[in-house]
Amino acid sequence: MKIYKLILSGILSAALFSSCNDDFLDTNPDADRSETNFWNSKSDFELYVNTLYPKYLAGFGTGFQAENVDPKGINEAQLVYGDIITDNAVTTNYSRVTNNDYISYLTDASGKGGWNWENLRHINYFLNNYKKTPLAETEYAVYLGEIHFFKAVEYFEKVKLFGDVPWLTKDLQTNSEELFAKRNPREEVMDSVLMVLDKAIAMLPDNANNSGRINKDMAVFLKSRIGLYEGTYRKYHKGKDFEKYLGISIAASEQLMSTKKYDIVTGDKNKVYNNLFAQQTYAGNKEIVYWRGYNASLTLGSPFSRYFAQNNRNGGSSATRSLVDDYLCIDGQSISTSPLYQGKNTLNLEFQNRDPRLPQTIALPGQYSLRTGIGMTGATANPLPGIKGSNTANGNLAVTGYRWAKWFYDNPDDWARTTNGLQAAPIFRYAEILLNYAEAKAELGQISQAILDQTINILRKRVEMPVLTMGQEPADPRLDAIYNTYVGYAVNPTLREIRRERRIEMAFENTRWDDLVRWKALKLLSMPVEGMKFNQSDYPTVKVGADIVLNKEGLILPYAQTLPNGRTFNERMYLFPIPIEDLVLNKNLVQNPGWETGK
């Protein structure tokens, strides 16, 4: 039997991370330094903590982005591609996670499927050894704060995946008793997460001088996110003390809002939103609370801009009709009721008179197109729709016809850098804080027009959309029927619109899965997956019935052949399974509900 995969092969393995400042981590830490001489200087602490940044604040990742992230099977640039397992987006091959077909890790080896504790051992090693230093605490306190921040992130992610998890404080060895412990209840773990996060907030500096290191505000941002997630999860999954966590989210959001350091970037309503996600630096950008940059001088970069532009690394990823239909018209009304809605016969008609974020998130024909040369394919933003790669050239495929425009960086020089691309990755964005605040207030019955004006309406005004007014929310029988059929509960109009705003504003930023889980709304994944209205004259080489399948309305059905009966939902999908080998190794572990038989 294999030893638990949480045992590190090398405690001090080196990993370079480049951030906002080009001087950050400009040397490799020595992987062979022994414990006896490691904790003797401030740089020892810094080099050790540096190895955790790319693990927890990955941005777009590095290298060739060929790896998938366990257990969701998402490309390592999951900041962007996380939505492909939700109702926002699809790929050529359907996600097994979204179809209740996630069983492979039940038979995989220990430490797979996200049940891996290697990074935590790295964290706990620090916490169990840092006091050996002869340095004064003031010399290393900031790094201790960063370690606590990373521990909070690690456990927050583990709880989201598995619910109850063991709370570990030791850097475990092969014979440690804790290897065979039971899981701690979710409630205890989340209380501990808040404890270490508060320690981080107390130790971290107010700012990090744009150095790319974590500061106090980033930890408060995380607290806002954790509070909203846990509070709404407990509310809709019948847990305890949901009000406590929503209050924590509110307080953290208010703390950031009151600093006046952050704001929503404004500009041309038809460009400002798209431009926000196509930058090489966010220095001085008041909307980005934390971002990962890439360093040309160190040949440390990401291939993201090239691969995203070519569309050859995300399997024809494209948006769903479900997402498109949620965008309001420019009169602030839904497509169900607005006289301005032009129908869906063509993309140009469908996008007319809609929220300006729609054509900045999903490309219209001829927009956000690639230019030929420097090894690029010359693909256009009017890709061939379909379900088979054989009907297209060079991977220029959007399986629903709705190709992403958000994150497209029109910079051939950056595409030419391949794995040394410099497009920056915004990881914590102030818009999320405004959305968190509005939602938490609404869930506690404390929403007011003043709060909407502080939050939702600031985001709408950026693109000159009508403000949301309490008591005058748009009617949307389509969306209300979806909630009743697939979610099983109704939401009041104000909360419905706050949720809509979150979906629109945060599309393709890896938040939708968490939202569906915490709202107990994963059954939305079983809705029919549809694309755009297909017009043969626009795509004369595409063969209906062979390359694509259409429904009676002429809408593309990207999964008609692979999932003829549609996607399947099961309640067990709210938590992921523990690998069978880990259950064999530790008899005190109990499988998550619904996964016991492995079927």
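Each residue takes its place number in the sequence, starting with 1.
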In terms of ring plane angle, is the pair Phe221 and Phe428 parallel, tilted or perpendicular, where the classes change at 30° and 60°?
parallel
Residues at least two apart in sequence or cross-chain that pass ring pair (Phe, Tyr, Trp, His ring centres under 6.0 Å) with Phe277, listed by chain then number, are Tyr273, Trp407
Sidechain N-carboxylate O distance under 4.0 Å for Arg567, Asp101:
no
Spell out, as yes or no, whether a donor-acceptor pair under 3.5 Å connects the side chain of Tyr290 to the backbone of Gly212.
yes
### Message
What I want to find out is whether Glu443 reaches Arg499 closely enough, with some N-O distance under 4.0 Å, to be called a salt bridge.
### Response
yes
Determine whether a donor-acceptor pair (N or O, by modelled atom type, separation under 3.5 Å) exists between the side chain of Glu439 and the backbone of Ile498. no
In Phe149, Tyr229, Tyr233, the residue satisfying ring pair (Phe, Tyr, Trp, His ring centres under 6.0 Å) with Phe156 is Tyr229
The reported gap from CD in Glu473 to CD in Gln333 (rounded to nearest 0.5 angstrom) is 10.5 Å
Open item on the list: Has Lys216 got a side-chain atom pairing as donor or acceptor with Ile201's backbone, closer than 3.5 angstrom?
Closed with: yes
| task | State whether a side-chain donor-acceptor pair under 3.5 Å links Tyr307 with Asn75. | result | no
Could you tell me whether a side-chain N or O of Ser338 sits under 3.5 Å from a main-chain N or O of Ile335, the two making a donor and an acceptor? no
* May I ask you to say whether Arg503 pairs ionically with Asp87, meaning some side-chain N is under 4.0 Å from a carboxylate O? => yes
Across all chains, not counting sequence neighbours, the side chain to side chain contact (heavy atoms under 4.5 Å, CB included) partners of Lys461 are Val467
Query raised in the report: Parallel, tilted or perpendicular for Phe150 and Tyr56, by the 30°/60° rule?
Result: parallel
Over 60° means perpendicular and under 30° means parallel, so tell me whether Phe351 and Tyr402 are parallel, tilted or perpendicular. parallel
- Message: Closer than 3.5 angstrom, by distance alone: can the side chain of Lys406 be matched with the main-chain N or O of Ala507 as a donor-acceptor pair?
- Response: yes
Next on the checklist: Is there a side-chain contact between Trp404 and Phe508 in this structure, where contact means two heavy atoms from C-beta onward sitting under 4.5 Å apart?
Outcome noted: yes
- Query: Are Glu154 and Lys151 ion-paired here, with the side-chain N under 4.0 Å from a carboxylate O?
  - Reply: no
In Trp519, Phe242, Tyr489, the residue satisfying ring pair (Phe, Tyr, Trp, His ring centres under 6.0 Å) with Tyr236 is Tyr489
**Prompt:** Can Asp476 and Arg496 be counted as an ion pair, charged N to O under 4.0 angstrom?
**Reply:** no
(request) Give a yes or no on whether the backbone of Cys329 and the side-chain of Arg354 come within a donor-acceptor separation of less than 3.5 Å. (result) no
Checking Ser302 against Gln65: is there a side-chain donor and acceptor pair closer than 3.5 Å?
yes
ask   = Taking the side chain from Asn411 and the backbone from Asp414, do they hold a donor-acceptor pair closer than 3.5 Å?
value = yes
Review point. Does Lys261 NZ have over 12 foreign heavy atoms under 6.0 Å away?
Key: yes
